[in-house]
Amino acid sequence: MTATRIQVPLLDLKAQYATLRDEIRPVVDEIFESQWFIGGPHVGGLEEEVAAYVGAKHAVGVTSGTDALLLSMWALGVEPGDEVITSPYTFFATVGSMARLGVVPRFVDIDPTTYNLDVNQVAAVMNDKTKLIAPVHLYGQCVDMDALNKLACDAGISTLEDAAQAIGSRTPSGGKAGSLGHVACFSFFPSKNLGGAGDGGMITTNDGDLAHKMSVMRNHGMEPKYYHKMNGGNFRLDALQAGVLRVKLKHLDAWHEGRRKNAADYRRLFADRGLLDQVTLPHEIDGGYHIYNQFIIRVDPAKRDPLVKYLHDHSIGAEIYYPVPCHLQECFSEWGYKVGDFPESERAALQTLAIPIYPELTDEQKEAVVDTIAEGLSSIS
Ligand SMILES: *Cc1c(COP(=O)(O)O)cnc(C)c1O
C-alpha cells in the first residue's frame, strides 16, 4: 500500500525546470536587456537549429502548432471546396484548422495498433477534389509517409505532416518527422517533448518558395514593409519563446531517451505484474524511433473511466487523449458524420488512457503507476 502514496503527475515541468534554470535565466535576462521581443537572433537561430535537427532545408517559426497548420495550408492554397485527407482521431487543431479554411476533411480511420491514419485506406477516398494528404504522427510515432508521398505524387498533390507530437521521431528508414513530406507542422505547447514557456510553433519544408511565402504571410503578407502583395496575419514566434526553446533543444535527445527508457521499464513492469491480458501497451514500429509524447494504454472500455478516476484518487496522473473523435464533435455536426463511421477511432476513444512518461520519472514512481493500475483494475468489477 505504500506505493499508492507516491505522487506521480502526468507531467512534471517543475522537475525539468530545476535542471534548466541556470541555462534559461541568462537567456531571458539577455532578451529583456535588449528589449528585442519580435524577431531577432533567437528566432532566426531556432529556425536554423530546428531545420538542422529535423533534416529540412527551411523552418519558419510561428505562434503555435495550430497556426502552423493554418498558415501552411493557407500558403499551399487550400481553399473552400478542396478536400484534405486526415484521421479523425487527433487533437482538435488538426481538423479545426481545416474547417477554418472552409475545407471539409476527408477522414480515414486509424490503424488500431499505432493510432495513426491507416495508409491502406487512403487511395480509396482520393478524388479530383483532394488537395492535400495531412496525416498526424500521433503520440510521437511516424506515419508511413513513403506510402502517402507516393499516392500524393501520383495525384500531383502535396503531403503535410502534423508533427506536433513528434519532433525527433524517426521512420524505420531513418527519416525524421518534419523532413518526410512537403511541409510539416510542430507545436511547442509546454506539454510537447520540446515545450516552450508558453505557446509556439514551427513549420519545416524543403520548398524554398513556400518557406519564403510563409515567412511573409506570418507578418501580414508584408514585403517590403507596409506593402502587401498578399494577405497573411500575425503568426510570429516570440523571441522569448525562441530563446528558451534553443536552450531546451540541446537537451531534447536526452529527454527522448529518458522517455524511451521509461517505456521499456513500463513494458517490463506490466509483464512482471501479469497485466498484459488486461492492458494493451503501445505498439512500436520495428526499426522506428518513437519519442513517446504520450504512453497510451488500452483497457476494457467498461473499466477505462473508473480506472482514470481510481488513478486520480491515488495521486497518479492519467488523461484521456481523446474522448471524442473529430468526426463526432458537436461543432462539426453539419458534416453529417455519425457513430460507426470510423470504428477504430471510436474504439480508441473509449478504451485508451495516457499514463505518466516524462523523462524525470523515478523507478519508484513507475512502479507506483503500474501497481496502482493493477490495484485499480482488480478493484473495479
Ligand atoms: C498540440 C497539437 C496541435 C496544436 O498545437 P498548439 O501549439 O497547441 O496550437 C496540433 N496537432 C496535434 C496533433 C497536437 O498534438
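We count ligands from 1, going down the list as the structure has it; atoms in each ligand are counted the same way.
At a 4.0 Å heavy-atom cut-off, ligand 1 does not touch D67 at all.
Set against the non-hydrogen atoms of V136, the atoms of ligand 1 under 4.0 Å away are 13 (C). With ligand atoms numbered from 1 in the order given, ligand 1 contributes 2 (C), 3 (C), 10 (C), 11 (N), 12 (C), 14 (C), 15 (O) to contacts under 4.0 Å with heavy atoms of A164. Which parts of ligand 1 touch S64 is read off a 4.0 Å heavy-atom cut-off, strictly below it: atoms 7 (O), 9 (O). Close contacts between ligand 1 and A93 involve ligand atoms 4 (C), 10 (C) [criterion: under 4.0 Å to a heavy atom]. Taking every heavy atom of T90 and a limit of under 4.0 angstrom, the matching atoms of ligand 1 come to 13 (C). The distance from ligand 1 to the heavy atoms of Q165 drops below 4.0 Å at these ligand atoms: 13 (C), 14 (C), 15 (O).
Among all non-hydrogen protein atoms, the one lying nearest atom 4 (C) of ligand 1 is T66 OG1, 3.5 Å. For atom 2 (C) of ligand 1, the closest non-hydrogen atom of the protein is K192 NZ, 2.7 Å. Scanning the protein heavy atoms around atom 7 (O) of ligand 1, the nearest turns out to be S187 OG, 2.6 Å. Atom 11 (N) of ligand 1 has as its closest protein heavy atom D162 OD2, 2.8 Å.
Heavy-atom contacts from other residues, nucleotides or ligands closer than 6.0 Å to CD of E30 number more than 12. No more than 12 heavy atoms of other residues, nucleotides or ligands sit less than 6.0 Å from atom CG of D286.
Residues satisfying the ring-ring contact (aromatic ring centres under 6.0 Å, His included) criterion with W335, sequence neighbours excluded, are F332.
One N or O on the side chain of E161 and one on the backbone of G178 form a donor-acceptor pair closer than 3.5 Å.
With 3.5 Å as the limit, one finds no donor-acceptor pair spanning the side chains of E223 and H228.
In summary, the aromatic rings of Y139 and Y115 are positioned with their centroids under 6.0 Å apart.
Of the options F189, F188, Y322, the smallest heavy-atom separation from atom 8 (O) of ligand 1 is shown by F189.
In this structure, H182 NE2 and L132 CG are separated by 9.5 Å, a value rounded to the nearest 0.5 Å.
No cation-pi contact links R218 to F235, judged by a cut-off of 6.0 Å to the six-membered ring centre and 45° from its axis. In this structure, R347 forms no cation-pi arrangement with Y89, as its terminal cationic atom is not both closer than 6.0 Å to the ring centre and no more than 45° off the ring axis.
On a distance-only criterion, L138 and ligand 1 share no N/O pair closer than 3.5 Å.
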